[in-house]
Amino acid sequence: MIRYIKQKRGLMLTGMLTAASMLVSSCDDGFVDMNTNPNALTSPVLENVFTYNIVKTAGTGYENHRANLIYCGAIVQHFASLNTYWSGDKYLSNVEYYSAYFDTGYQNQVKEIEQIISLTKGDNNLVNKYNIARIWRAYIYSRMTDLYGDVPYSQAGQGYLNNVYSPKYDKQSAIYADLLNELDQASTSLAAGKDAYGTADPIYASDITKWKRFANSLMLRLGMRLTKVDAASAQTYVKKAIAGGVMQSNDDIAKLKHYDTNDNNRNLDGNTLKTQEYDAANLKGKANSKLSKRLLISFRNLRILVCLISQLYGRGMLTHLLSLQVLIRLFRKVFRTDMTTRLSKR
């Protein structure tokens with residue numbers, strides 16, 4: 001009886017396996033071809049990715065407004081405002097603002113340029129595409145490390161390519177050394193007569209001479225920024241940059257022409273200033289541009305006085321003197337002096 005049951009079980013398993021194999025083979029017949037979209041790309045188009053990367057490196061509305069304008073731009077006094085959300089001119093910490101460029105830079109700039117590098121490296125037919133991408137990559141990372149110091153570099157942008165999802169932070173000194181080396185190698189490896197990105201290059205239209213000048217000019221900039229920390233390297237690369245040929249005129253400037261059609265084409269620095277911060281028609285003369293100009297003109301005597309007190313008596317004395325009562329008196333005096341000056345000029 002047991003033997004009979006085992007025989008039946010064996011026959012049933014054999015039948016099931018046979019049926020399953022027939023089912024699989026019949027379902028797989030033409031299945032892949034049937035479900036392949038003939039209009040979909042199976043590999044990236046380098047020209048499209050490069051153009052996209054250039055445009056995104058020029059900036060999006062997010063980091064342009066937060067990191068560039070109301071934080072960094074205000075820190076260096078290019079802008080000033082009494083609006084509380086403008087943090088840079090008041091030296092207030094705002095993590096959303098100062099992290100904006102970091103967040104979008106690695107997402108929109110680093111990822112694509114690293115992909116282009118990986119797709120063009122080692123292919124002699126793509127030597128110009130590879131080296132132009134290396135130069136642009138150096139520009140991207142130079143802005144990143146100048147703003148944040150130690151940042152992900154050697155492993156950055158490798159999540160999709162090599163499954164590196166937690167890249168290490170590299171020292172700024174190591175990043176600078178590699179950027180300068182990359183610029184040196186890339187600029188000298190560009191080959192005249194070989195294809196590049198053509199009209200998909202919105203900056204130089206693949207003009208190899210201009211890309212070399214851009215690379216050497218960027219090398220000169222980075223070299224000069226090393227003068228206080230590594231004079232020997234600074235001298236080496238500054239001399240290389242000048243010998244290689246830097247920008248000669250405004251025709252060599254690396255610029256991206258924008259069109260006021262949509263946010264993919266607009267200059268989002270200018271668009272943000274026009275529509276959100278400095279639109280005189282909507283803000284009726286109370287925009288930040290006029291406010292900052294008024295501050296610089298009306299308070300110029302006060303700023304000189306503050307600097308003088310600080311230099312002569314130190315910050316402690318400055319803090320003691322600039323009480324609310326003293327400030328009110330100074331403001332009144334400055335406004336009276338400024339108004340008298342304006343009236344006398346009329």
Side-chain angles (χ1 to χ4, degrees), residues 46 49-50 53-54 57 101-102 105-106 109-158 161-162 164 167-192 194 196-197 201 203-204 206-248 252 254:
L46 292 173
V49 179
F50 184 71
N53 189 248
I54 295 286
T57 302
Y101 187 79
F102 187 96
Y106 279 98
Q109 302 172 28
V110 169
K111 183 175 65 175
E112 275 74 24
I113 200 64
E114 292 291 353
Q115 185 177 32
I116 294 173
I117 295 286
S118 70
L119 292 171
T120 55
K121 186 176 182 179
D123 189 333
N124 191 51
N125 294 322
L126 303 177
V127 62
N128 282 343
K129 289 183 178 180
Y130 172 60
N131 287 296
I132 287 174
R134 292 170 78 187
I135 294 168
W136 192 246
R137 175 180 178 271
Y139 174 69
I140 290 172
Y141 282 112
S142 69
R143 296 204 301 176
M144 194 70 72
T145 189
D146 280 347
L147 188 57
Y148 295 107
D150 299 346
V151 293
Y153 175 69
S154 59
Q155 296 180 345
Q158 300 298 311
L161 298 171
N162 296 306
V164 179
K168 67 176 183 178
Y169 278 64
D170 295 285
K171 292 290 185 182
Q172 187 180 51
S173 56
I175 296 172
Y176 251 70
D178 195 63
L179 291 179
L180 287 164
N181 182 61
E182 282 287 287
L183 289 169
D184 185 22
Q185 290 186 7
S187 62
T188 56
S189 298
L190 289 170
K194 289 201 172 184
Y197 297 98
D201 171 4
I203 296 180
Y204 291 130
S206 297
D207 186 320
I208 299 304
T209 300
K210 290 187 176 182
W211 272 108
K212 286 184 177 182
R213 288 175 181 170
F214 174 71
N216 288 322
S217 298
L218 183 56
M219 187 191 303
L220 176 62
R221 171 194 283 181
L222 300 185
M224 292 302 296
R225 290 179 178 174
L226 283 178
T227 55
K228 300 297 184 182
V229 292
D230 190 345
S233 292
Q235 184 179 43
T236 297
Y237 282 104
V238 165
K239 287 182 176 180
K240 279 187 177 184
I242 295 174
V246 295
M247 294 179 181
Q248 302 297 308
D252 295 328

Do the side chain of [X] and the main chain of [Y] share a donor and acceptor less than 3.5 angstrom apart?
X	Y	answer
Gln172	Thr145	yes
Asp184	Leu180	no
Thr227	Ala231	no
Asp252	Lys210	no
Gln109	Ile140	no
Gln248	Val246	yes
Asn128	Leu190	no

Is [Y] close to [X] at the side-chain level, that is, under 4.5 Å between some pair of heavy atoms?
X	Y	result
Ser154	Tyr169	no
Thr209	Phe214	no
Pro167	Gln158	no
Ile175	Val151	yes
Tyr106	Lys111	no
Ile54	Thr57	no

Which value, rounded to the nearest 0.5 Å, describes the distance between [X] atom [atom1] and [Y] atom [atom2]?
X	Y	atom1	atom2	answer
Gln185	Ile135	CD	CD1	11.5 Å
Ile116	Arg134	CD1	CZ	14.0 Å
Ser142	Leu179	OG	CG	6.5 Å
Leu183	Lys212	CG	NZ	14.0 Å
Tyr141	Ile113	OH	CD1	9.5 Å
Gln235	Leu226	CD	CG	12.5 Å

What are the two closest heavy atoms between [X] and [Y], and how far apart are they?
X	Y	answer
Val127	Asn131	O-ND2, 2.8 Å
Glu112	Asn53	CB-ND2, 3.5 Å
Lys240	Met219	CB-SD, 3.9 Å
Tyr204	Met247	OH-CE, 3.7 Å

Legend entry - Distance-only donor-acceptor check, side chains Asp201 and Trp211, under 3.5 Å: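 Yes, side-chain donor-acceptor contact under 3.5 Å.
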Inset, instruction - Say whether Asn216 and Arg213, considering side chains only, have a donor N or O and an acceptor N or O under 3.5 Å apart. - result: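 No, Arg213 and Asn216 have no side-chain donor paired with an acceptor closer than 3.5 Å.
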Inset, instruction - Please name all residues satisfying ring-ring contact (aromatic ring centres under 6.0 Å, His included) with Tyr176, sequence neighbours left out, ordered by chain then number. - result: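 If we apply the ring-ring contact (aromatic ring centres under 6.0 Å, His included) test to Tyr176, skipping adjacent residues, there are no hits.
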Legend entry - Option from Tyr130, Tyr197, Trp136 for which ring-ring contact (aromatic ring centres under 6.0 Å, His included) with Phe50 holds: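 Answer after filtering Tyr130, Tyr197, Trp136: Tyr197.
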Legend entry - Worked check of salt bridge (Lys or Arg N to Asp or Glu O under 4.0 Å) between Lys129 and Asp123: CA-CA 10 Å; Lys129 289 183 178 180; Asp123 189 333; over 6 Å; no
Inset, instruction - Give the intermediate values and the outcome of side-chain contact (heavy atoms from CB on, under 4.5 Å) for residues Lys194 and Asn124. - result: CA-CA 10 Å; Lys194 289 201 172 184; Asn124 191 51; 3.0 Å; yes
Inset, instruction - With side-chain contact (heavy atoms from CB on, under 4.5 Å) as the test, would you mind laying out the steps for Met144 and Tyr101 before giving the verdict? - result: CA-CA 8 Å; Met144 194 70 72; Tyr101 187 79; 4.0 Å; yes
